[in-house]
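Written below as structure tokens is the structure these notes are about.
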Amino acid sequence: MCLSVRRGDFESNAEVKKLQSVCDRKYFEEAIQVIKNNVKNPVFFMFSDDIEWVKNNIYTGCVTYYEDGTDTVWEKLRLMSACKHFVVSNSTFSWWTQYLSKSENKIVVSPSSWFNNDYESPLIAKDWILKMHAYERREAHEKRKN
């Protein structure tokens with residue numbers, strides 16, 4: 001089960017962060033629970049451009065392995081796409097890993113929107129399981145307050 005966390009410029013670049021920083025710890029916690037509810041004894045393989053953040057902030061409660069970041073891009077892509085199920089970030093790299101997977105009955109959990117606005121990404125498939133992300137939770141909270 002592949003869990004992909006994109007941080008990098010989504011967190012370090014203020015302009016990019018305003019538009020694309022959507023996958024917070026709560027998103028990953030909810031996505032992990034979806035997998036645990038649908039996959040018996042899942043084994044998680046964590047991939048990230050900030051693996052230390054993942055190790056310190058995301059707990060699966062299951063057997064978990066961490067890619068250390070030393071693999072070449074194509075090897076990382078091969079390893080990720082070999083998984084049976086996916087928790088993706090709003091990242092085209094994450095998207096390609098699930099797309100290249102040969103798993104016929106794969107479960108893909110994705111943020112319901114890939115941007116901090118109303119743009120509907122054509123990359124989100126209809127059969128994916130969608131979870132709210134930080135921006136949507138803030139928007140929903142603001143609507144409830146009004």
Side-chain angles (χ1 to χ4, degrees), residues 1-140:
M1 185 303 58
C2 172
L3 190 144
S4 175
V5 178
R6 164 91 185 261
R7 288 181 51 80
D9 62 333
F10 282 16
E11 295 302 318
S12 65
N13 181 311
E15 288 302 309
V16 174
K17 186 174 184 166
K18 279 194 286 189
L19 181 62
Q20 292 188 290
S21 180
V22 301
C23 295
D24 59 357
R25 182 173 26 197
K26 185 162 179 62
Y27 162 74
F28 290 109
E29 289 170 352
E30 291 176 0
I32 288 166
Q33 194 58 52
V34 168
I35 295 298
K36 289 167 74 172
N37 290 344
N38 289 283
V39 177
K40 185 177 181 178
N41 300 318
V43 175
F44 287 82
F45 292 87
M46 307 293 225
F47 297 86
S48 179
D49 56 359
D50 189 355
I51 204 67
E52 289 306 313
W53 184 89
V54 173
K55 287 178 180 179
N56 293 320
N57 290 282
I58 300 178
Y59 175 72
T60 67
C62 300
V63 175
T64 303
Y65 298 95
Y66 301 88
E67 191 270 339
D68 65 7
T70 60
D71 291 309
T72 59
V73 171
W74 52 87
E75 179 63 6
K76 191 178 295 197
L77 188 61
R78 186 189 70 77
L79 290 169
M80 294 169 79
S81 65
C83 292
K84 294 180 182 176
H85 308 291
F86 301 84
V87 171
V88 299
S89 293
N90 56 320
S91 145
T92 53
F93 193 79
S94 284
W95 183 89
W96 276 107
T97 63
Q98 64 75 36
Y99 180 78
L100 294 171
S101 169
K102 294 183 178 13
S103 179
E104 292 182 18
N105 298 309
K106 66 185 166 196
I107 296 169
V108 179
V109 182
S110 168
S112 52
S113 174
W114 280 27
F115 299 94
N116 285 324
N117 58 30
D118 295 330
Y119 177 73
E120 292 185 26
S121 175
L123 297 177
I124 299 173
K126 302 234 183 289
D127 61 339
W128 289 3
I129 299 170
L130 305 180
K131 301 305 292 176
M132 288 177 75
H133 58 73
Y135 172 78
E136 291 173 313
R137 285 193 298 276
R138 282 191 303 273
E139 289 284 304

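Just so you know, residue 1 is the first one in the sequence shown, and it goes up from there. Computed from a predicted structure; not experimentally measured.
- Atom OH in Y59 sits 14.0 Å away from atom CZ in R25 (nearest 0.5 Å).
- Under the side-chain hydrogen bond (donor to acceptor under 3.5 Å, both in side chains) criterion, D68 pairs with T70, sequence neighbours left out.
- Judged as a side-chain hydrogen bond (donor to acceptor under 3.5 Å, both in side chains), and not counting sequence neighbours, the contacts of E75 are R78.
- The line from CD of Q33 to NZ of K36 is 5.5 Å long, rounded to the nearest 0.5 Å.
- Here SG of C2 is found 12.0 Å from NE2 of H85. Values are rounded to the nearest 0.5 Å.
- Residues forming a ring pair (Phe, Tyr, Trp, His ring centres under 6.0 Å) with F45 (at least two apart in sequence, or on another chain): Y65.
- The heavy-atom pair separating I58 from Y66 by the smallest distance is O-OH, 4.3 Å.
- Within the model, atoms CD1 of I32 and CG of N37 stand 12.0 Å from one another, a figure rounded to the nearest 0.5 Å.
- Residues passing the side-chain hydrogen bond (donor to acceptor under 3.5 Å, both in side chains) test with S110 are W114, sequence neighbours excluded.
- From S89, atom OG reaches atom CZ of F47 across 12.5 Å, with rounding to the nearest 0.5 Å.
- W95 approaches L123 most closely through the heavy-atom pair NE1-O, 3.1 Å.
- Residues forming a side-chain hydrogen bond (donor to acceptor under 3.5 Å, both in side chains) with T64 (at least two apart in sequence, or on another chain): T60.
- Between M1 and V87, the shortest heavy-atom distance links the atoms CE-N, 3.5 Å.
- A side-chain contact (heavy atoms from CB on, under 4.5 Å) with S112 holds for exactly one of N90, L130, I129, I124; it is L130.
- To the nearest 0.5 Å, the span separating OG on S4 from CZ on F86 amounts to 10.0 Å.
- Residues I35 and P42 come closest through the heavy atom pair CG2-CB, 4.0 Å.
- Taking the side chain to side chain contact (heavy atoms under 4.5 Å, CB included) definition, one finds that F93 meets it with V73, K76, L77, M80, S91, T97, sequence neighbours left out.
- Under the 3.5 Å distance criterion, the side-chain polar atoms of S48 are matched with a main-chain donor or acceptor of V5.
- Environment of NZ in K84: sparse, with no more than 12 heavy atoms of neighbouring residues, nucleotides or ligands closer than 6.0 Å.
- Y27 and V109 make their closest contact through OH-O, 3.4 Å (heavy atoms, listed as atom of the first residue, atom of the second, distance).
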- Item | Derivation and outcome, salt bridge (Lys or Arg N to Asp or Glu O under 4.0 Å), residues E29 and K26 | CA-CA 5 Å; E29 289 170 352; K26 185 162 179 62; 5.5 Å; no

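- Closest heavy-atom contact between C83 and S103: O-CB, 4.2 Å.
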- Message: For a side chain to side chain contact (heavy atoms under 4.5 Å, CB included) check, start with the C-alpha distance between I51 and M46, then their side-chain angles and the critical distance, and finish with the verdict.
- Response: CA-CA 8 Å; I51 204 67; M46 307 293 225; 4.3 Å; yes

